[in-house]
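Quick note: residue numbers are just sequence positions, from 1.
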Amino acid sequence: MSHNSELLCTKFLAPAKVALIALIYVYCSHEIHTRSRITLLRLLLKWTDGKDTCLSLFGLSDFKDHLSDIPCVDGRSAYDRLLLKLYDIGSMDDLCSLINDIDSDFFKVSNNSGNIAVSSTSLVGHFLRRSYVEFKAMEFDERVDLWKAFATFRSYGDNDMTIASLHKPDIQRVFSPKESFAMEDVTKMFEFQIEYMQKQGCSLPVSMVETLDKILAHSFRTPSSIYYIRFLHGWRCGDYQEAFENLHRYFDYTMHHNDKIFYQYALLNLAILQADFNCLEEAVWAIQETIKTARENKDNICLNFSLSWLYHFQKSHPRECPPPASSDNATVQFLKVKAKETGMVNLQSVVYLSEAKSMIMSGGNATLIFESIMKSAYMNASINLLESVGAQFLVQATFWSRLGISNLGKFYTDGFLDLFQDSSFVEDVVKIACRSAYTLVNCGRYDDALKVLADIESTASRSLRIHQIWITYKTLIMFKRAIRNERMNEVEALSKRLNSMPGVTEDCRLDINFAQIEYYTRCGNTELALTLSSQYLDSSVADDLDLYNQLVYMMQYSRIMLLLGRPLRGYTLLMRCMSIAEKSSLVPAIMEALCMICEIFNSIKSHQQVLAILDATIPYIVECENAELLGKAYYETAKAIIGASDLLEAVVGGQERDAEEVRGKIMHAIRYAKLAYAEHEKLEDVSRMLDISSMLARLYHIVGPEYTDDRDRTAMQNMSLRQMRSDARRSGMLTVT
């Protein structure tokens, strides 16, 4: 659209539609080659239908792209014939004749063939009839403006090489050029923009905002959909006031023209808006009003969707919501029945997925969870609902990871990012990418994790709320890395930033809590870590949060008990965790509890039991793809081998032992210690690396002079790690006040 020309807004007719009428004349004149008539007819049907195109925004170049390859009987192209027909319109009188003759030229029986050229009930016939009626309804000055806009439209073909040999009348224009658009096509463009913004979760680019403002400045009426576009734009940009005002304007307009049938949808949008801006009490009120109004209006579609939304909201914010009138299972069963009655396949898919997610959070039967996920996947496939693939894959990744098959969970997240990223909602893309990145952190692949987040930075920036999720996970990854690197100055700054992050999701808040407890534990402030761990555990139980997260809080509490010299209390809690995790098939929780129990057993010199336990569990720990857990298992194995053989006591006490037997046991322990060191080296965990390095130095000293080089290398490594730790302590940031 040129910036140095005037804009003309019409109700229906525009220069591109006049060109389409001329093209229909060309088609009906039998000038198109026989083998190409079907191709041209397809284009005519597509353009006259108008569902997927805004024809009034077409230029001559658009017609050229589609028509240049369609031959006519005389060897020219259909585009050449169209230009010749357009340049035959030499005046406004010719334009009036072209449209006024539609009835006689197309819909009356021809004297030659005895047939009509176009059926009035066809798509092409409907378009011609409406063009005729709309032109008749235009005032004289509107027709003049249409002629001016048509002359400007046609002038873009003046220098086209394809009309060099065609007759072109010399038209002297004494008016300024005009460009035009039809209000009907602009409304379609607005509706497309709304659909795109809802799917992509993005705000409007500056160029689009300027274009919309220019169109609206020249239109004879303002379409209501522009208010909805501005509402979405304000919502995505984080401008609560703009979003709130334009939402009210949009639904005030629609209620005025549609007898209040959309009031419940206004409340539903208001509830979602309030929830996104953390106005949780207002969101609860709005969704409750939505449900009441939908029931009064007998709008089952809105009612079912609102109940589903409220169910998810209650699970995410249990404290802000009133206690539900029925159990979670009863709510899910009710939504299943209603979705089936109303034939809402997409809602059925959501309900089955919600059922699977609820069972995962409560530690339900793995077989039933898998069945619900497959039912949801079948529903999505049956109607090709690609938008729901993101939520489905996220639940599947969580399901397999909690069964201890992390590789399969990663397969789903990576597969989604490779195959379904473009066809899914932006929020799902960002959440899955953040989950994939955080999984890489557990493997010690920090740079790869940050690269995954960097790849979606432009996608996450489309919406303020989604960008907050992205920046929170990026900060969390940096926080965990800094803790393990002992960069305490950086840890302090990142901790403050994480605590001040607005709109943190529940899952991310749990990860932040876990990391901060680890931070206080490493700093030696075990009393504060114990207090926070107890508070988080009590809160998670009271709010009935995810069972797995409750177990992690409980195990963190047990670990602090061990540090405080209370192994019996820690052992009791760990056995309780083991029992709960086993019933719910939470394999990572079982493995972590077993490693901590092995630590207790090693401390009370029950080394044979440790070796028996870890020999059976290390293969399962490897499948969990958790470097910290695997490194701990290897380290406890090395300690158990040494303790079970009394190697250090024998050497210190000067006891006579078989040299080969001692060396074999020590080398076995060294192998496991090296494996543990390699895992913690991936994590860049200075404290754990130092502990293992000290063990290796002692073992190399015992094994004999053959390993002097290894002993010296380990000693230098140990000194380097101690220097790193010393530098962190000298910074004055190692302790927490």
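Looking at residues two or more places apart in sequence or on another chain, you find no ring pair (Phe, Tyr, Trp, His ring centres under 6.0 Å) involving Phe305. With sequence neighbours left out, Ala243 forms a side-chain contact (heavy atoms from CB on, under 4.5 Å) with Phe231, Trp235, Leu273. For the side-chain hydrogen bond (donor to acceptor under 3.5 Å, both in side chains) test, no residue two or more places apart in sequence or in another chain qualifies with Thr290. With sequence neighbours excluded, no residue forms a side-chain hydrogen bond (donor to acceptor under 3.5 Å, both in side chains) with Lys474. Remark: Val345 engages Gln348, Met379, Ser382, Ile383 in a side-chain contact (heavy atoms from CB on, under 4.5 Å) (not counting sequence neighbours). Listed by chain and number, the residues in a ring pair (Phe, Tyr, Trp, His ring centres under 6.0 Å) with Phe399 amount to none (sequence neighbours excluded). Not counting sequence neighbours, Tyr378 has no partner by the ring pair (Phe, Tyr, Trp, His ring centres under 6.0 Å) test. Residues passing the side-chain contact (heavy atoms from CB on, under 4.5 Å) test with Lys336, sequence neighbours excluded: Val332, Gln333, Val351, Tyr352, Glu355. Annotation: side-chain hydrogen bond (donor to acceptor under 3.5 Å, both in side chains) contacts of Tyr446 (sequence neighbours excluded): Arg484. By the ring pair (Phe, Tyr, Trp, His ring centres under 6.0 Å) test, Phe420 pairs with Phe393, sequence neighbours left out. A search for side-chain contact (heavy atoms from CB on, under 4.5 Å) contacts involving Ala391 returns Leu353, not counting sequence neighbours.
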Step by step, work out the salt bridge (Lys or Arg N to Asp or Glu O under 4.0 Å) result for Lys451 and Asp455.
-> CA-CA 6 Å; Lys451 184 179 183 303; Asp455 290 342; 3.4 Å; yes
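Within the structure, the salt bridge (Lys or Arg N to Asp or Glu O under 4.0 Å) test picks out the following pairs touching residues 396-411 (sequence neighbours left out): Arg402-Asp546, Lys410-Asp414.
A salt bridge does not link Glu245 with Arg230: every distance from a Lys NZ or Arg NE/NH1/NH2 to an Asp or Glu carboxylate oxygen is 4.0 Å or more.
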